J.: 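Dropping a structure here in structure tokens format, bear with me for questions.
Since the model is a prediction, treat every value here as computed from it, not as a measurement. Residues: numbered from 1 along the sequence shown.
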Amino acid sequence: MRIKSIKAYPVDLAVQPKTKPRTEIDGTSMVQVNPLSRYPDLQRRKNAYAAQWKNVVCIATADDGTWGMGISIMGGPAAKIINDIFSPLLVGQECSATEKCWDAMVRTSAAFGAFGLASYSISAVDTALWDLKGKLLNCPVYELLGGPQKDRIFCYATGPYTEWYLELGFKAVKIFTPFGPDHGIEGINRAEEFVAAKRELVGDEVELMFDCWLSLDVAHTVRLAERLRPYHLKWIEDYLPADDFEGYAAVRKRLPWQTLATGEHWYLPPPFSHASGRKLVDILQPDVLWAGGVTAVVKICHLAESAGISVITHAGMNYPYGQHLAFAMPAIPWGERSESVSPPGVPLEEMVKLPGTPVVQDGYLIPSNAPGFGIEVDLDWVEARVVS
């Protein structure tokens, strides 16, 4: 069976839950340090990071009319890359040739760089092709990846509503620090107070992780980690800019006792290969919808296994793509449910962006066993969400 068409559309996948939150959403509770924190006048500007770009949906259709769906972010430019560059390249190829198609997309991106926008676009096409392949073979994608490696996926929640996550049954939570190097010693003191309060809230039987979102430097990371040592953090994440590999090496050397994690803003396997080869971190965190799709993350998992480190995909439980990967890959022990999970009182089922996506129940998740990724939408559903 050959690929008849590949078409991409910028779409809005926002959901409006039916249940009213128990309390009003407190915007101040969601403040986090970020790379623009040193410029308060700039970070307050609307669309400082992604303009009006929503998601991109890619539909890959076979000769017999069967179609698969993949998604990513940066919808406007990603849709142009897919429609103008990748689609003409891949139409007519075998639907099952995911390795060839992925390799061709990476190679044709060489002239303008396969990282970032190109990687988001590759991810959307690759996940669509895996969904299509599963449908054509009438089996879930995790079966194509080797079958279930675990009975269920242990999940943690990321966001500001820690008490609500505990009520939902999560046994591990991740928080963002609101303070960075530009806050000086006061920031370190307040970060310790923040983490201490969270540890007291969750107790000693719940794992606690700390995300710094690419916003610290080596000296601040080391100093902060030393202050937070009494609170037994499972890991510290994304503490340096993504491309500061020498900085990651310095932190690794100075904090041999601290579990370290990063990688959501690394794209395609090469940076993960570099990091795993030097053991810069203990946990790699590719996003399947950003790093090059299922094909790329499978390669990253094998790199991690060979280096004796783990993979926990960024936002992996938000969509079925990461769910199927985690179910099949031995390198992936946990799954992350993020995008603020849900406001207090709102069931997780009401926060699903792609119908057919299983939700975390009591801290665990089992992927759909329907063909492909089990996404339950039709083309009218996609068309209704297309934005200009």
Side-chain angles (χ1 to χ4, degrees), residues 21-38 40 43 154-217 219-240 251 255 257-262 264 282-283 285 312 314-315 317 334-346 348 351 360 362-363:
R22 292 176 185 166
T23 58
E24 291 297 319
I25 304 302
D26 178 11
T28 61
S29 69
M30 303 179 73
V31 174
Q32 64 190 69
V33 69
N34 64 72
L36 273 176
S37 291
R38 65 170 55 180
Q43 74 165 349
F154 178 85
C155 302
Y156 71 91
T158 296
Y161 306 115
T162 304
E163 193 168 5
W164 168 237
Y165 307 152
L166 299 180
E167 186 177 336
L168 287 171
F170 287 96
K171 299 300 188 293
V173 295
K174 189 170 72 185
I175 55 176
F176 292 96
T177 178
F179 313 106
D182 298 292
H183 298 97
I185 184 62
E186 180 187 2
I188 290 180
N189 293 337
R190 294 179 67 187
E192 182 180 9
E193 293 171 1
F194 177 64
V195 172
K198 291 292 185 178
R199 172 53 75 191
E200 183 177 3
L201 173 64
V202 304
D204 293 331
E205 303 303 317
V206 172
E207 294 282 15
L208 183 64
M209 294 79 73
F210 194 60
D211 191 334
C212 305
W213 207 50
L214 312 173
S215 301
L216 309 187
D217 54 38
H220 192 89
T221 300
V222 172
R223 194 176 186 188
L224 181 62
E226 293 284 0
R227 289 283 292 273
L228 299 181
R229 192 167 186 175
Y231 306 103
H232 310 295
L233 295 172
K234 173 70 172 175
W235 69 71
I236 295 178
E237 172 180 329
D238 271 5
Y239 37 92
L240 299 178
V251 171
L255 296 175
W257 50 269
Q258 176 65 62
T259 301
L260 301 170
T262 198
E264 70 179 75
D282 305 285
I283 301 168
Q285 298 175 305
I312 300 177
H314 171 252
M317 301 299 102
W334 286 12
E336 178 186 29
R337 181 63 174 89
S338 61
E339 293 183 351
S340 295
V341 189
S342 71
V346 177
L348 287 178
M351 301 301 293
V360 180
D362 221 15

J.: Tell me whether the count of non-hydrogen atoms from other residues, nucleotides or ligands lying under 6.0 Å of CD in Glu226 goes above 12.
T.: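 Yes, the 6.0 Å shell around CD holds more than 12 heavy atoms from other groups.
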
J.: Would you say His220's side chain and Asp217's backbone share a donor-acceptor pair under 3.5 angstrom?
T.: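 Not a single qualifying donor-acceptor pair exists.
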
J.: Does the side-chain contact (heavy atoms from CB on, under 4.5 Å) test come out yes or no for Leu255 and Val222, once each step is laid out?
T.: CA-CA 7 Å; Leu255 296 175; Val222 172; 4.2 Å; yes

J.: Could you tell me whether the side chain of Lys234 and the main chain of His232 form a donor-acceptor pair under 3.5 Å?
T.: no

J.: Atom OH in Tyr161, atom CG in Leu166: separation rounded to 0.5 Å?
T.: 15.0 Å

J.: Between Lys171 and Glu205, does at least one N-O distance fall below 4.0 Å, as a salt bridge requires?
T.: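 No, no charged N to carboxylate O under 4.0 Å.
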
J.: Verify whether one side chain among Asp182 and Ser37 offers a donor that lies under 3.5 Å from an acceptor in the other.
T.: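 There is no such pair between these side chains.
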
J.: Is a side-chain donor or acceptor of Arg199 paired with a backbone partner of Tyr231 at a separation under 3.5 angstrom?
T.: yes

J.: Of the options Ile283, Leu240, Asp282, which is the one that meets Leu260 in a side-chain contact (heavy atoms from CB on, under 4.5 Å)?
T.: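 Result: among Ile283, Leu240, Asp282, Asp282 is the only option passing the side-chain contact (heavy atoms from CB on, under 4.5 Å) with Leu260.
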
J.: Quick check for you: to the nearest 0.5 Å, what is the distance between Ser342 atom OG and Trp164 atom CH2?
T.: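 Reported to 0.5 Å precision, the distance equals 5.5 Å.
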
J.: Look at the side chain of Thr259 and the backbone N and O of Trp235, then say whether any donor-acceptor pair between them is shorter than 3.5 Å.
T.: no

J.: Step by step, would you call Arg227 with Asn189 a side-chain contact (heavy atoms from CB on, under 4.5 Å)?
T.: CA-CA 9 Å; Arg227 289 283 292 273; Asn189 293 337; 2.6 Å; yes

J.: Any side-chain heavy atom of Lys174 sitting closer than 4.5 Å to one from Glu237?
T.: yes

J.: Please walk me through it: do Phe179 and Trp213 pass ring-ring contact (aromatic ring centres under 6.0 Å, His included)?
T.: CA-CA 11 Å; Phe179 313 106; Trp213 207 50; over 10 Å; no

J.: Working to the nearest 0.5 angstrom, can you tell me the gap between Ser338 OG and Met317 CE?
T.: 10.0 Å

J.: Does the side chain of Cys212 come within less than 4.5 Å of Ile236's, by heavy atoms?
T.: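 With C-beta onward as the side chain, the pair touches.
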
J.: Would you say Asp211's side chain and Ile175's backbone share a donor-acceptor pair under 3.5 angstrom?
T.: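 Absent.
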
J.: With a 4.5 Å heavy-atom cut-off, do Thr158 and Val341 have their side chains touching?
T.: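 Heavy-atom side-chain distance check fails, nothing below 4.5 Å.
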
J.: Checking side-chain contact (heavy atoms from CB on, under 4.5 Å) between Leu208 and each of Leu228, Leu201, Val173, which is the one that passes?
T.: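 It is Val173; the other options fail the test.
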
J.: Do you see a donor-acceptor pair shorter than 3.5 Å between the side chains of Thr162 and Lys198?
T.: yes

J.: So which heavy atom on Met209 is nearest to which on Ala172, and how close?
T.: CE-CB, 4.1 Å

J.: Is there a donor-acceptor pair closer than 3.5 Å between any side-chain N or O of Gln285 and the backbone N or O of Thr262?
T.: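 Yes, because the side chain of Gln285 sits within donor-acceptor range (under 3.5 Å) of the backbone of Thr262.
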
J.: Output the distance between atom CG (Leu224) and atom OG1 (Thr177), rounded to the nearest 0.5 Å.
T.: 6.5 Å

J.: Is any side-chain heavy atom of Leu214 less than 4.5 Å from a side-chain heavy atom of Asn34?
T.: no

J.: Measuring from Glu336:CD to Glu264:CD, what's the distance to the nearest 0.5 Å?
T.: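 Taking CD in Glu336 and CD in Glu264, the distance rounds to 7.5 Å.
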
J.: Can you tell me if CZ on Arg223 sees more than 12 non-hydrogen neighbours from other groups inside 6.0 Å?
T.: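 Open.
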
J.: Over 60° means perpendicular and under 30° means parallel, so tell me whether Tyr165 and Phe170 are parallel, tilted or perpendicular.
T.: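 Ring orientation of Tyr165 relative to Phe170: perpendicular.
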
J.: Check whether any side-chain N or O of Trp334 sits under 3.5 Å from a backbone N or O of Tyr156 as a donor-acceptor pair, and report yes or no.
T.: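 Flag not set: sc Trp334 to bb Tyr156 has no pair under 3.5 Å.
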
J.: Any side-chain heavy-atom pair from Pro181 and Arg38 closer than 4.5 angstrom?
T.: no

J.: Working to the nearest 0.5 angstrom, can you tell me the gap between Gln32 CD and Ser215 OG?
T.: 8.0 Å

